[in-house]
Amino acid sequence: MKTIDMKYLQLLAKEYPTIANTATEIINLEAIMNLPKGTEHFLSDVHGEYSAFEQVLRNGSGVVKRKIRDIFGAELNDAEINSLSTLIYYPEEKMDLIASETEDLHAWYRTTLFRLIELCQYVASKYTRSKVRKAMPEDFAYILEELLHENYNEDDKRLYYEEILQHIISLGRAEEFISALSRLIQQLVVDHLHIVGDVYDRGPYPDKIMDTLMNYHSLDFQWGNHDILWMGAASGSRVCAANVIRISARYLNLDILEDSYGISLRPLALFADDVYQNDPCTYFQPKNEDNIDYSNAEITQIARMHKAISIIQFKLEGEIIHRRKEFNMEHRLLLDFIDYQNGTIHLKGKDYALLDTHFPTIDPENPYKLTSAEKELIEKITAAFKNCRRLQKHVQFLYSKGNMFLTYNGNLLYHGCIPLHEDGSFMEMKLRGENFSGRELLEQFEILTREAYVRPPGTKEKKYACDIVWYLWTGAISSLFGKSEMTTFERYFVAEKETHSEEKNPYYKLRNDEQICKQILEEFGLDGECGHIVNGHTPVKEGKGESPIKAGGKMLVIDGGFAKAYHKETSLAGYTLLFNSYGLQLVSHQPFTTKEDAIKNETDILSTRQVIEMEINRKRVRDTDIGTKLSEQARDLKLLLDAYRNGLLHENR
């Protein structure tokens with residue numbers, strides 16, 4: 001045996017010092033590998049819509065209700081199933097309502113506890129006792145373990161179990177126990193969660209979503225283009241911070257900055273009122289998609305702030321384009337193309353009249369130079385992002401759990417696209433003097449995104465990495481953006497919609513081709529025949545006949561439009577994906593009303609399940625990435641066992 005192998009086995013022997021416990025662990029690992037594969041739950045493009053996100057997360061895209069039907073379908077009617085489901089989703093709130101409406105609460109507790117325990121036994125059956133035990137709340141762990149792993153049909157113990165439940169009720173712990181069981185059921189129906197990008201922007205509560213994710217038992221995160229913008233702002237990128245504020249102002253969502261994260265926008269408001277006090281800012285009126293009740297004065301001030309930060313953003317973007325020639329974005333130096341005297345702009349060989357010609361802070365001779373007041377303002381804003389503890393906590397979580405892409409159990413997950421040429425070949429980009437494409441390009445993007453956060457302020461490495469983060473938001477070869485250019489300026493200042501066009505990367509046409517999808521899977525080290533791509537980013541226009549299932553099932557697009565702004569366009573409110581031991585299932589969701597409605601009226605998100613692929617042989621843990629690791633551990637332990645038996649190592653009893 002090689003010396004290096006012996007050193008490794010000697011280290012392993014410290015954890016398994018005898019033949020007995022080595023053999024026990026081998027038996028344990030082999031047994032685990034024969035359990036059914038856990039359920040994976042995929043969500044994408046939540047965009048701050050916390051209520052809908054919370055409902056889908058709590059109901060496991062319909063898995064909880066399906067499990068209830070499996071157990072109680074013949075015993076309970078639809079109304080009773082809906083009531084039990086709602087209780088599991090929102091135990092505390094639902095019990096408050098039930099307590100006010102139920103005469104014999106003691107009987108309700110007893111019936112409900114028996115049902116929840118039976119359901120919990122069912123959903124726990126595919127896991128080891130150890131895993132279930134770790135998921136249990138500490139206060140009830142002993143009682144739960146007794147109740148979940150015994151047979152109620154045995155007469156000798158039935159009285160014992162009934163006595164336990166009776167005392168839980170009589171001691172006033174029933175509500176807490178029901179809550180604990182409900183949360184355990186929620187956790188056990190979904191083994192692992194994938195967030196395929198874009199928690200931030202559009203909706204009002206991305207911070208609440210982040211808090212929920214930080215407390216979730218098992219998940220990963222693939223960064224989206226909107227997430228990367230907030231990550232850049234938290235890293236100290238001035239242009240990313242300006243973009244974040246502009247988008248929040250555009251969608252009347254400044255509360256997320258001021259109330260949720262405590263980032264003061266007073267300096268921006270004072271600056272905007274001073275510089276744009278006589279400007280109606282007509283074309284910077286915010287979009288009020290939720291019909292929030294704002295006064296005219298408030299809307300006017302937000303419009304001024306919106307315009308002020310937009311002009312600063314355009315200037316900062318120009319600075320980057322000038323210093324990063326390798327980005328090939330000179331055509332986006334739009335402030336150079338303005339005829340300030342005549343109020344026109346020259347775009348792609350044609351002159352267009354500007355809708356707004358009031359540019360008090362722009363020097364036509366040096367249009368990208370910030371005024372002293374603008375420079376002071378953006379420095380204050382950037383510092384506020386850097387010093388916001390709550391935002392930094394959320395962004396650190398995104399870095400710790402997130403990636404640009406992920407290969408997981410034979411599937412490839414990413415948010416945006418894999419940049420392609422028309423012929424299907426991978427686009428190249430030069431980064432730090434070297435060309436990268438395909439998987440290597442995304443790996444480099446990820447490295448630089450991390451450097452943007454951790455590099456010391458003021459260094460050239462920090463500045464370059466932050467510029468790359470901005471490029472990921474808006475660049476033509478960005479895997480997160482996926483378009484030739486971002487026509488933000490034109491949408492504000494030019495009426496002609498022909499100038500607003502943003503040509504999609506050929507990827508979005510080619511992803512319908514099964515061979516292209518196989519090529520992408522193989523580029524990332526996966527089996528092109530068996531694997532799937534899970535993609536977000538682009539809302540699926542189901543109302544216009546578009547399908548989220550592409551390339552013969554190789555490509556699954558799960559951004560159906562959680563954000564309310566997309567509902568008219570998509571005709572639904574989001575897609576999610578389930579991957580359990582039986583196969584892949586795509587779930588489409590209708591718009592969610594409110595949490596209050598769900599609790600009081602027991603309404604759930606109306607979901608439609610579509611089987612994508614059914615496994616002939618049920619998948620086991622052995623067939624997963626975790627199974628591969630467990631197989632390696634078992635192999636190493638067998639080598640250790642041989643070393644003990646052959647006298648190469650001595651037991652340490």
Side-chain angles (χ1 to χ4, degrees), residues 42 44-45 47 196-198 201-202 222-228 328-329 404-406 411-429 437-439 441-442 445 471-488 490-491 497-498 500-524 526 528 531-563 565-566 569-572 574-575 577 586 588 612:
F42 301 74
S44 177
D45 297 84
H47 284 300
V196 194
D198 276 357
D201 290 335
R202 301 302 291 256
Q222 288 71 62
W223 303 322
N225 54 319
H226 288 271
D227 305 317
I228 212 82
N328 296 315
M329 294 181 68
M404 196 64 68
F405 69 90
L406 180 70
N411 298 318
L412 173 61
L413 288 61
Y414 54 80
H415 178 73
C417 72
I418 307 301
L420 299 175
H421 292 292
E422 289 283 355
D423 64 359
S425 59
F426 297 111
M427 294 181 78
E428 286 189 342
M429 183 173 178
S437 65
R439 176 174 183 150
L441 178 61
L442 270 66
F445 281 154
Y471 182 88
L472 285 167
W473 163 250
T474 191
I477 311 180
S478 164
S479 60
L480 296 181
F481 178 46
K483 296 179 182 178
S484 59
E485 57 189 343
M486 188 179 289
T487 57
T488 304
E490 292 90 328
R491 292 172 189 271
K497 291 190 181 296
E498 65 195 65
H500 303 177
S501 176
E502 297 173 344
E503 184 181 350
K504 288 185 177 181
N505 184 272
Y507 166 87
Y508 290 100
K509 177 178 66 177
L510 295 170
R511 70 179 178 178
N512 294 294
D513 186 325
E514 189 171 343
Q515 203 54 46
I516 291 293
C517 290
K518 288 180 180 179
Q519 170 191 315
I520 292 172
L521 286 164
E522 289 165 4
E523 168 71 9
F524 285 81
L526 298 176
H532 303 82
I533 297 170
V534 182
N535 199 178
H537 188 51
T538 52
V540 177
K541 300 174 185 177
E542 188 178 79
K544 296 182 180 179
E546 184 181 358
S547 172
I549 306 168
K550 304 180 185 297
K554 287 281 132 193
M555 170 77 66
L556 305 169
V557 182
I558 61 168
D559 177 4
F562 263 87
Y566 296 140
E569 183 180 3
T570 61
S571 302
L572 70 161
Y575 286 102
L577 185 69
L586 188 73
S588 60
I612 306 298

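We count residues from 1, following the sequence as given. What you are looking at is a predicted structure, and each value in this text was computed from that prediction instead of being measured.
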* **H532 and L577: CA distance, side-chain angles, deciding distance, side chain to side chain contact (heavy atoms under 4.5 Å, CB included) verdict** => CA-CA 12 Å; H532 303 82; L577 185 69; over 6 Å; no
* Structure fact -> Nearest heavy-atom approach of S437 to E428 is CB-CG, 3.8 Å
* To do: Would you indicate whether the side-chain heavy atoms of V534 and L412 approach each other to under 4.5 Å?
  => no
* Asked: Strictly by modelled atom types, are D559 and H537 linked by a side-chain donor-acceptor pair under 3.5 Å?
  -> no
* Quick one: are K509 and K504 in side-chain contact, heavy atoms under 4.5 Å? -> no
* **Main-chain N/O of D198 paired with D45 side-chain donor or acceptor, under 3.5 Å** => no
* Asked: Is the backbone N or O of G528 less than 3.5 Å from a side-chain atom of K554, with the two atoms forming a donor-acceptor pair by type?
  -> yes
* Kindly compute the distance separating CE (M404) from CG (L442), expressed to the nearest 0.5 Å. => 6.5 Å
* What heavy-atom pair brings S478 and L472 nearest, and what distance separates the two atoms? -> OG-O, 2.6 Å
* **Nearest-0.5 Å distance, CZ of residue R439 to CZ of residue F524** => 7.0 Å
* Asked: Just how far is it from atom CG of L420 to atom CD1 of I477, taken to the nearest 0.5 Å?
  -> 11.5 Å
* Ion pair check, E522 and K518, cut-off under 4.0 Å -> no
* Should N535 and L556 be marked as a side chain to side chain contact (heavy atoms under 4.5 Å, CB included) after you check the CA-CA gap, both sets of side-chain angles, and the distance that decides it? -> CA-CA 6 Å; N535 199 178; L556 305 169; over 6 Å; no
* Closest non-hydrogen atom pair between P548 and L586, with its separation -> CG-CD2, 3.3 Å
* What is the distance from atom CD of E502 to atom OG1 of T474, rounded to the nearest 0.5 Å? -> 8.0 Å
* Please round to the nearest 0.5 Å and tell me the distance separating atom CD1 of I533 and atom OH of Y414. => 4.0 Å
* To do: Return the minimal non-hydrogen interatomic distance between M555 and Y507, and the atom names on each side.
  => CE-OH, 3.2 Å
* Asked: Just how far is it from atom CZ of F481 to atom CG of N225, taken to the nearest 0.5 Å?
  -> 8.5 Å
* **Flag, side chain of E523 to backbone of F426, donor-acceptor distance under 3.5 Å** => no
* Asked: Shortest non-hydrogen contact from F445 to S479?
  -> CD1-OG, 3.8 Å
* Structure fact -> For Y575 and V557 the tightest heavy-atom approach is CD1-O, 4.2 Å
* Asked: Would you say H415 and F405 make side-chain contact, with heavy atoms under 4.5 Å?
  -> no
